[in-house]
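Structure first, then comments.
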Protein chains: 2
Amino acid sequence: MITFAQAFELFASRVLPASLTDAAHLRFRTLATLRQLARDTSLEIAEEGQQIVFVARGATKLVAHASQSRDQIVAFHFPGDVFTVPEPDNYSYSLSALRDSDILTFASADFLALAAGEAGVLRYLLENTTLSLRRCREKTIALGRKNARERLAVFLLAMAERIGVEQDGRIALDLPMSRRDIAESLGLTIETVSRQLTKLKDERVIETLGRSGIVLLKPSLLRGRAGFLREAA
Amino acid sequence: MITFAQAFELFASRVLPASLTDAAHLRFRTLATLRQLARDTSLEIAEEGQQIVFVARGATKLVAHASQSRDQIVAFHFPGDVFTVPEPDNYSYSLSALRDSDILTFASADFLALAAGEAGVLRYLLENTTLSLRRCREKTIALGRKNARERLAVFLLAMAERIGVEQDGRIALDLPMSRRDIAESLGLTIETVSRQLTKLKDERVIETLGRSGIVLLKPSLLRGRAGFLREAA
DNA sequence: TGCTTGCCTTGATCCAGATCAATGCCGGGC
DNA sequence: GCCCGGCATTGATCTGGATCAAGGCAAGCA
C-alpha cells in the first residue's frame with residue numbers, strides 16, 4: 001500500500017517533463033485518482049469514459065467482456081506501465097488486480113486537454129500507446145495463426161522480457177496470473193494451457209516451482225518454438 | 001493516380017492545424033514521400049524503421065509475416081486513415097495495395113521530431129493510434145473468443161461502418177479484398193469464409209453480387225450473431 | 001499439522017474448422 | 001462474345017483443441 005503522494009511522484013518522474021512548471025504539475029495532480037485494488041478485485045470502467053491508467057505497484061489485467069461470460073484478456077500490466085482503458089463499445093472493459101495494486105487513473109478527456117500545451121507529455125503518451133499497439137498486434141498474430149504450443153512459447157517469452165529475472169542463461173518467472181488468466185489471454189482453455197506446460201516440462205524446456213514459479217531453462221529453445229519469423233537455434 | 005501536391009494537400013487539411021506556419025507546413029512537406037502502389041503490389045518496411053502512413057486514395061492491408069508463410073492481416077486501411085507501420089521485431093510487416101493506391105509515408109522519428117512543437121499534430125496522431133489500438137483489441141477478442149460465424153459477422157459489420165453505403169435499411173459493400181484476405185484477417189481459411197458466407201446467404205441475411213459485392217439485408221440480425229456484449233434484436 | 005478449498009493436472013471423448021480434393025464461375029483480354 | 005486463368009464454392013475427411021469428467025496438490029487457515 002502506498003500513498004497518493006508516492007504514487008503521483010512515481011508517475012511524475014516518469015511521465016511529466018522536468019521542465020514542467022509547478023503550477024502545471026499541480027494541475028495534473030488534481031486530475032489523478034488513486035485506486036487501491038486488492039488482489040482479485042476490479043475496476044469497472046463504465047460511465048467515466050476513456051481512462052488513462054498508470055500502474056504504481058502490483059500487476060493488473062485488462063479484460064474485455066463479450067457475450068455469454070466469454071472474457072478475453074487484452075493485456076497484462078506491470079509497475080510503470082501507462083495505458084488507456086477504452087470506454088465501452090461493442091464490449092465492456094474492466095481492469096482487475098492480479099496482486100494488491102495501486103494505480104492512478106485520469107479521465108482521458110481532461111488529461112488530454114491539460115496536456116494540449118505539453119508536447120513532451122503527449123509524446124510520451126503517444127509512445128506508450130504505440131507500444132500497446134505493437135503488443136496488441138503481436139497478440140493478434142498469435143491468436144490468428146499460432147497453435148497452442150506456439151502461443152505458450154510466445155507468452156512465456158513475453159513475460160520473461162517484462163518480469164523475468166535472468167541468471168546464467170536461465171530466466172526465472174514469478175507469474176502473478178492464474179492458469180485461467182493465461183488461457184483467457186491466449187484464447188485457449190485452462191486444460192490446454194496445463195497440458196502444454198506439462199509438455200514443456202517433459203521436454204526440459206521449463207521447470208515449474210509451485211503454482212506461480214516457472215524457470216525457462218533454454219530460452220533459445222523456446223524462441224525456436226514460438227513461430228517467429230526468424231527461427232532461433 | 002494523384003499528384004504529390006494533391007496527396008499532401010489531403011493530408012495537411014486533415015492532420016495539420018490551420019494555424020500552422022507556412023514554414024512548418026513546408027517542413028512536413030519535405031518529410032513526405034508519395035508511394036503509388038498498383039493493385040497487389042506491396043511496400044516492404046525494412047531498413048527504414050517505423051513509418052507513419054497516410055492513405056490518400058485506394059485501400060491497403062497491413063500484413064505481418066510469421067514463419068512458414070503464415071501471414072496475418074493486422075488491419076485494413078481506407079482513404080483518410082493515418083496509422084503506424086512498426087519496424088520489424090519478431091515479425092516483419094508489409095503494406096499491400098488492395099486497389100491502386102496513393103499513400104504518403106513519413107519516417108516516424110523525423111515526423112515526431114518535427115511535431116514535437118506542434119501539440120495539435122501530436123494530439124491527432126495520438127487519437128489515431130488510440131483508434132488503431134481499439135480496433136486491434138476488438139480483433140483480439142474476435143480471434144481469441146469467437147467462432148467462424150461470429151467472426152464473419154463482426155467483419156461485415158466493421159466493413160459496413162467503414163465503407164458501407166446505406167440505403168433504406170440495407171447496407172451495400174464493395175469489398176476490395178479477396179476471400180483469402182478476409183481469411184487471413186480473421187484467422188480462418190478461405191474455405192471456412194466461403195462456407196460461412198454461403199450460410200448467411202441461405203439465411204437471407206446477406207446477398208452477394210459477383211465476387212466483391214455484398215449487401216447486408218438485415219444488419220440488426222448480423223449484429224445479433226456477432227457475439228457482442230449487448231445482443232441486438 | 002492437519003484440513004479444506006479451490007486451483008491445477010490428467011484422461012476420455014467430441015466437434016468446429018483445417019486440410020485435401022474437385023468443380024464452378026467471374027471477369028479480363030482479345 | 002468467347003476463352004482462359006485464377007478465385008470461389010462445395011464436398012469428404014481428418015485433427016487440434018474444446019468439452020466433459022475425475023483426481024491430485026498447493027496454499028491459507030484453524
Side-chain angles (χ1 to χ4, degrees), chain A residues 38-40 61 66 68-72 96 98-100 142-155 173-203 206-214 225 227, chain B residues 38-40 61 66 68-72 96 98-100 142-155 173-203 206-214 225 227:
Chain A
R39 193 174 188 289
D40 283 332
K61 58 178 175 180
Q68 302 153 29
S69 76
R70 289 182 297 174
D71 292 345
Q72 172 69 38
S96 305
L98 299 173
R99 321 183 209 267
D100 295 351
L143 297 189
R145 286 282 166 252
K146 289 183 198 287
N147 60 26
R149 123 184 307 231
E150 292 168 324
R151 292 186 203 185
L152 256 294
V154 169
F155 170 78
L173 294 174
D174 181 25
L175 296 179
M177 68 288 283
S178 69
R179 298 288 187 269
R180 169 165 304 282
D181 290 329
I182 298 173
E184 285 184 358
S185 165
L186 298 180
L188 301 169
T189 58
I190 39 175
E191 292 95 328
T192 299
V193 169
S194 182
R195 276 187 256 268
Q196 292 299 331
L197 287 178
T198 303
K199 250 191 210 168
L200 288 173
K201 210 160 51 173
D202 291 347
E203 298 166 336
I206 64 169
E207 242 169 40
T208 56
L209 293 97
R211 280 180 186 166
S212 64
I214 292 190
R225 36 189 88 183
Chain B
R39 193 173 187 288
D40 285 333
K61 58 178 175 179
Q68 303 153 28
S69 76
R70 290 182 298 175
D71 291 345
Q72 172 68 38
S96 306
L98 299 172
R99 321 185 212 263
D100 295 351
L143 297 188
R145 286 283 167 253
K146 289 184 198 287
N147 60 26
R149 125 183 307 230
E150 291 168 325
R151 292 185 203 185
L152 255 296
V154 169
F155 170 78
L173 293 174
D174 180 26
L175 296 180
M177 67 289 282
S178 69
R179 298 288 186 269
R180 169 165 304 280
D181 290 330
I182 299 173
E184 285 184 358
S185 164
L186 298 180
L188 300 169
T189 58
I190 40 177
E191 292 95 329
T192 300
V193 169
S194 182
R195 276 187 258 267
Q196 292 299 330
L197 287 177
T198 302
K199 251 192 208 167
L200 288 172
K201 211 160 51 176
D202 291 348
E203 297 166 337
I206 65 169
E207 243 169 36
T208 57
L209 294 97
R211 281 180 186 166
S212 65
I214 293 190
R225 33 190 91 181

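A quick note: this is a predicted structure, and the numbers were derived from the prediction, not measured. Chain naming here is simple, since letters A, B, ... match the order of the sequence lines and numbering starts at 1 in each.
- The nearest whole Å value for the distance from the CG atom in A/Leu188 to the C1' atom in D/dT19 is 14 Å.
- Scanning both residues, B/Leu188 and B/Leu152, for their nearest heavy atoms gives CD1-CD2, 4.0 Å.
- Without hydrogens or angle criteria, A/Thr198 side chain to A/Ser194 main chain gives a donor-acceptor distance under 3.5 Å.
- At whole-Å resolution of the value, CD1 in B/Ile182 and P in D/dA8 are 8 Å apart.
- With rounding to whole Å, B/Lys199 atom NZ is found 14 Å from D/dG11 atom C1'.
- Contact detail for B/Glu150 and B/Arg145: the closest heavy-atom pair is OE1-O, 4.3 Å.
- In plain terms, the two heavy atoms of B/Gln72 and B/Leu143 that are nearest each other are NE2-CD1, 4.0 Å.
- Toward the 5' end of DNA chain D, the nearer of the two residues A/Ser212 and A/Asn147, judged by each one's closest nucleotide, is A/Asn147.
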**Report entry** Contact letters for nucleotides 1-9 of chain C, in which S counts primed atoms plus P, OP1 and OP2 and B counts the base, heavy atoms under 4.0 Å
**Finding:** -----BBSB

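- Summarising the geometry of B/Lys146 relative to B/Arg151, their closest heavy-atom pair is O-NE, 2.9 Å, with the distance given to 0.1 Å.
- A residue-by-residue look at A/Leu209 and A/Lys146 shows that A/Lys146 has its nearest nucleotide of DNA chain D further toward the 5' end.
- Atom CG in B/Leu175 sits roughly 17 Å away from atom P in C/dC26 (whole-Å rounding).
- The phosphate of D/dG17 has neither OP1 nor OP2 within less than 4.0 Å of any side-chain N or O from A/Thr189.
- Rounded to an integer number of Å, the gap from CZ of A/Arg149 to P of D/dT15 is 17 Å.
- When all heavy atoms of B/Thr189 and B/Ala183 are compared, the closest pair comes out as C-CB, 3.5 Å.
- Within 4.0 Å (heavy atoms only), A/Gly187 reaches sugar-phosphate atoms of the nucleic acid but no base atom.
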